[in-house]
2 protein chains.
Amino acid sequence: MRLVIAKCSVDYAGRLSAHLPLATRLLMLKADGSLLVHSDGGSYKPLNWMSPPCTIAMSEPSDEQREFGITELWTVTQGKTADLLIVSIHEVLHDSAHELGVDPGLQKDGVEAHLQKLLAEQIELLGEGHRLVRREYMTAIGPVDILATDAAGRSVAVELKRRGDIDGVEQLTRYLELMNRDPRLAPVQGVFAAQEIKPQARTLAEDRGIRCLVLDYDAMRGIDNADERLF
Amino acid sequence: MRLVIAKCSVDYAGRLSAHLPLATRLLMLKADGSLLVHSDGGSYKPLNWMSPPCTIAMSEPSDEQREFGITELWTVTQGKTADLLIVSIHEVLHDSAHELGVDPGLQKDGVEAHLQKLLAEQIELLGEGHRLVRREYMTAIGPVDILATDAAGRSVAVELKRRGDIDGVEQLTRYLELMNRDPRLAPVQGVFAAQEIKPQARTLAEDRGIRCLVLDYDAMRGIDNADERLF
DNA sequence: CGCTGCATTTCGCAT
DNA sequence: ATGCGAAGTGCAGCG
């Protein structure tokens, strides 16, 4: 990895056109040829970048460009998408290269998969007498997160989200419509379960007879097993 | 901005738990206190990070940690969300600080806004005799991208996307349902316009009587004006 | 290999 | 502030 702090301007032409006026920024060149342009703020997202696979060409500026103060030109191209990124460097303030090696990668634990596993194990959170039929119940238009039965043995289809948005309600509605045509399943009750449900989503869901269930992830995890804490 | 290349392991506990095994990585400390952990590959997304506002505390390791080879500990916390990120540093290979100043920011030009402008100008792409009523036509549940009339003077509502997905069809469907209840507008014909329309979205749209229109951005831009090229 | 759904999404705009 | 839609989204899993 090569790290360059430089006064530069940047132009990008691809799916959109973008321009960065002259300022001091970090240019990060990764081993795979990709380039990231970072400022000293914002989030983790670079101001501009070029994703691999791409090739970078360093070149001398023309006389005209030199008159504008450009001392160095970096042209980054992506063969497939014809994207083009040009870094016009005016002054290099720092330049260092480092051998990092291959990263073993991130180990994740959590999110929707875990939530689904927990709810499957604690299926009575749906209501007394509920039983799990199966997770990822396959339908013609995709898998329903959880299929269960209520105390009376009627089908219950659960759509799980971390954040319950209107999209999730639409998705569940499509599933329910389809599943209710299946005489082996009908009538199917819908449950929209999430850690947090947006008011609009709740309104839409309840308007369609879909039950809303707010899940307490920490509590569910606490019931599950109190041993898997990180610290 | 402070740049540190270090052999380190990283633990994150927040909405999920994540762990990075010992390896050499770039630690980027931004002026706003945020921290990014980058490897020498992947995309523009860091392996791990902490978003601002957050505070970072450097501390000495305990004797036990020192035995494991840890020479320095960075603890990053976010007051509001109680997220916690811990960097266990084993060896510092590079450490430099740089004054970058405030970035003037990115100037964008393109994507959906431009596509909307172009289609408004070239409204006959919808069909002969079509006329623009207005862009961002406001309804109770949000703005319709384009409202037009066809040759016979009937209303046409256009939903624009760069990539035509099933979500866009659902969105347009909600608009149409609402607008068709308005006697001044009804009957309203729906047009789903995008640079690329997914087969599933097309099927759903056509099943609901919504017309699909694939737009050629480059051609539309070419007709519009051939002067605004960057290079 | 293409499609689908998730994301510690982030970002920007409008209410 | 808050909610909502878009992103040069990236990424992983699965058919």
Side-chain angles (χ1 to χ4, degrees), chain A residues 12-18 34 36-37 42-52 54 76 78 80-85 105-106 108-116 136 138 140-145 159-168 171 194-201 217, chain B residues 10-18 34-37 42-52 54 76 78 80-85 105-106 108-116 136 138 140-143 145 159-163 165-168 170-171 174 194-196 198-201 217:
Chain A
Y12 168 78
R15 309 206 199 155
L16 58 70
S17 299
S34 60
L36 280 64
V37 182
S43 66
Y44 67 70
K45 202 174 176 180
L47 292 166
N48 219 324
W49 72 95
M50 189 66 100
S51 304
C54 59
V76 194
Q78 226 218 9
K80 189 152 192 176
T81 57
D83 285 21
L84 176 66
L85 187 114
L106 188 68
K108 280 190 190 183
D109 164 46
V111 231
E112 195 191 299
H114 197 196
L115 209 58
Q116 189 189 107
E136 302 286 350
M138 207 57 203
I141 54 171
V144 176
D145 290 334
E159 176 62 35
L160 256 176
K161 292 283 174 206
R162 199 171 63 70
R163 281 170 47 195
D165 226 329
I166 216 163
D167 291 3
Q171 196 180 336
Q195 281 185 271
E196 173 205 347
I197 295 179
K198 297 269 175 72
Q200 288 204 1
Y217 180 58
Chain B
V10 182
D11 287 283
Y12 169 78
R15 305 198 209 166
L16 58 71
S17 299
S34 59
L35 173 71
L36 280 62
V37 182
S43 67
Y44 65 71
K45 201 172 177 179
L47 291 167
N48 217 323
W49 72 94
M50 190 66 100
S51 302
C54 58
V76 194
Q78 226 219 9
K80 191 152 191 174
T81 57
D83 284 21
L84 176 66
L85 188 118
L106 188 68
K108 277 191 189 182
D109 162 47
V111 231
E112 196 190 301
H114 198 195
L115 208 58
Q116 187 187 109
E136 303 285 348
M138 207 56 203
I141 53 169
D145 290 333
E159 176 63 35
L160 256 175
K161 294 284 173 200
R162 201 171 61 72
R163 282 168 46 194
D165 227 328
I166 217 163
D167 291 3
E170 296 287 11
Q171 196 180 334
R174 287 195 294 273
Q195 280 185 270
E196 172 205 348
K198 297 268 176 74
Q200 288 202 0
Y217 181 58

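Below, chains carry the letters A, B, ... as their sequence lines are ordered, and counting in each starts from 1. The structure displayed is predicted, hence computed values, not measured ones.
Contact detail for Ala18(A) and Leu106(B): the closest heavy-atom pair is CB-CD1, 3.8 Å. Of all heavy-atom pairs spanning Leu160(B) and Gln116(B), the tightest one is CD1-CA, 3.3 Å. Nearest approach of Pro46(B) to Val37(B), heavy atoms of both residues: CB-O, 3.3 Å. Considering every non-hydrogen atom in both Ser51(A) and Ser34(A), the closest pair reads C-CB, 4.4 Å. Across Pro52(A) and Gly42(B), no two heavy atoms sit closer than the pair CG-O, 3.8 Å.
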Polar atom pairs between nucleotides 10-12 of chain D and protein, under 3.5 Å, N or O only, would you list them?
{"unit_1": "dG10(D)", "atom_1": "O3'", "unit_2": "Ser43(B)", "atom_2": "OG", "d": "2.9"}
{"unit_1": "dC11(D)", "atom_1": "OP1", "unit_2": "Ser43(B)", "atom_2": "N", "d": "3.3"}
{"unit_1": "dC11(D)", "atom_1": "OP1", "unit_2": "Ser43(B)", "atom_2": "OG", "d": "2.7"}

Close N/O contacts between protein and nucleotides 13-15 of chain C (under 3.5 Å):
none

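Evaluation of the side chain to side chain contact (heavy atoms under 4.5 Å, CB included) rule for Ile166(B) yields Arg174(A), Gln200(B), Leu204(B) as partners, not counting sequence neighbours. For Gln78(B), the side-chain hydrogen bond (donor to acceptor under 3.5 Å, both in side chains) partners at least two apart in sequence or on another chain are Thr81(B). Under the rule for a salt bridge (charged side-chain N to carboxylate O under 4.0 Å, His left out), Asp83(A) has no partner lying at least two apart in sequence or in another chain.
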Item to check | Per-nucleotide pairing state of DNA chain C [Watson-Crick or G-U, under 3.5 Å; [ ] pseudoknot-crossing; | other strand] | outcome: |||||||.|||||||
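Distance CD/Glu170(B) to CG/Asp165(B): 10.5 Å, rounded to 0.5 Å. In this structure, Gln195(B) CD and Lys161(B) NZ are separated by 13.0 Å, a value rounded to the nearest 0.5 Å.
Atom CD in Glu170(B) sits roughly 14 Å away from atom P in dT4(C) (whole-Å rounding). Rounded to an integer number of Å, the gap from CD of Glu159(A) to C1' of dT4(C) is 13 Å. If you measure from atom CD of Glu136(B) to atom P of dA6(D), you get 10 Å, rounded to the nearest angstrom. The separation between Gln171(B) atom CD and dG5(D) atom P is 6 Å, rounded to whole Å. Protein atom CG of Asp165(B) is 8 Å distant from nucleotide atom P of dG5(C), rounded to whole Å. The distance from atom CD1 of Ile166(B) to atom P of dG5(C) is 8 Å, rounded to the nearest whole Å. Between Asp145(B) atom CG and dC4(D) atom C1' the separation is 14 Å, expressed in whole Å. The interatomic distance linking Lys161(B) (NZ) with dA7(D) (P) rounds to 8 Å, in whole Å.
Counting non-hydrogen atoms under 4.0 angstrom, Met50(B) reaches nothing in the nucleic acid.
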Next on the checklist: Before you tell me yes or no, could you show the steps for Leu85(B) and Leu35(B) under side-chain contact (heavy atoms from CB on, under 4.5 Å), namely the whole-Å CA-CA distance, both residues' side-chain angles and the distance that decides it to 0.1 Å?
Outcome noted: CA-CA 9 Å; Leu85(B) 188 118; Leu35(B) 173 71; 3.5 Å; yes
